[in-house]
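One structure is given here, and the rest of the page talks about it.
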Amino acid sequence: MSKTSQQNTATDANGVSVIHTQAHTSGLQQVPQLVPVSPGGGGKAAPPSKQGKKNSFVDRNSDEYRQRRERNNMAVKKSRLKSKQKAQDTLQRVNQLKEENERLEAKIKLLTKELSVLKDLFLEHAHNLTDNVQPVGTETTTTNPENNGQ
């Protein structure tokens, strides 16, 4: 079965060409396709600032061109400075966090040692207490030598 089709192209008010396709043999209707008219054909809509402008030759010696270039150059410099400043701020923050991390790790080591010493003291004291405790009922009475004659 051979399939033949016929295309009709029309451009609407927005500069978008609409392709209407009719298939003779299939009996199915196809959906119209929207195709941009711009020669770039990148599929991106032009920004509002450039929609009204024509692609005409720009005189590189004109005052308008030089002013636009100056503004663009200043914007680029500003953007690059801002990016460089952000990178420096990030690096500074990283260094601060590294220093803080080192201080905290040193504090952890110190506190761990202190805990170990206190734990050893506690265990030694607890062991000494159990050695000094005598079972109930085997208590010895001590006599006071001063009270013997009275």
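Since this is a predicted model, take the numbers as computed values, not measurements.
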Could you tell me which residues satisfy side-chain contact (heavy atoms from CB on, under 4.5 Å) with E99, sequence neighbours excluded, listed by chain and number? R103
At what distance, to the nearest 0.5 angstrom, does CE of M74 lie from NZ of K77? 9.0 Å
Not counting sequence neighbours, which residues clear salt bridge (charged side-chain N to carboxylate O under 4.0 Å, His left out) with D120? List them please. none
Here the gap from H125 atom NE2 to T130 atom OG1, rounded to the nearest 0.5 Å, amounts to 10.5 Å
Please assess K98 against V94 for the test side chain to side chain contact (heavy atoms under 4.5 Å, CB included), listing each intermediate value before the final yes or no. CA-CA 6 Å; K98 282 182 180 179; V94 165; 3.9 Å; yes
Rounded to the nearest 0.5 Å, what's the gap from CD on Q96 to CD on E100? Could you check? 9.0 Å
Do any pairs count as a side chain to side chain donor-acceptor pair (under 3.5 Å) and have a residue in residues 81-90, sequence neighbours left out, and if so which ones? Q85-D89
Tell me, do E105 and N101 make a side-chain contact under 4.5 Å, heavy atoms counted? yes
Atom CD1 of I108 and atom CG of L110: how far apart are they, to the nearest 0.5 Å? 11.0 Å
Who passes salt bridge (charged side-chain N to carboxylate O under 4.0 Å, His left out) against R66, sequence neighbours left out? D63
CG (N73) and CD (E70) are apart, to the nearest 0.5 Å, by 8.0 Å
In the hydrophobic clustering (ILVMFWY, side-chain contacts below 4.5 Å, transitive), which residues join V76, or is it alone? none
Which Ile, Leu, Val, Met, Phe, Trp or Tyr residues join F122 in one cluster when any pair of side-chain heavy atoms under 4.5 Å counts as a link? L123
At what distance, to the nearest 0.5 angstrom, does CD of Q92 lie from CG of L97? 11.0 Å
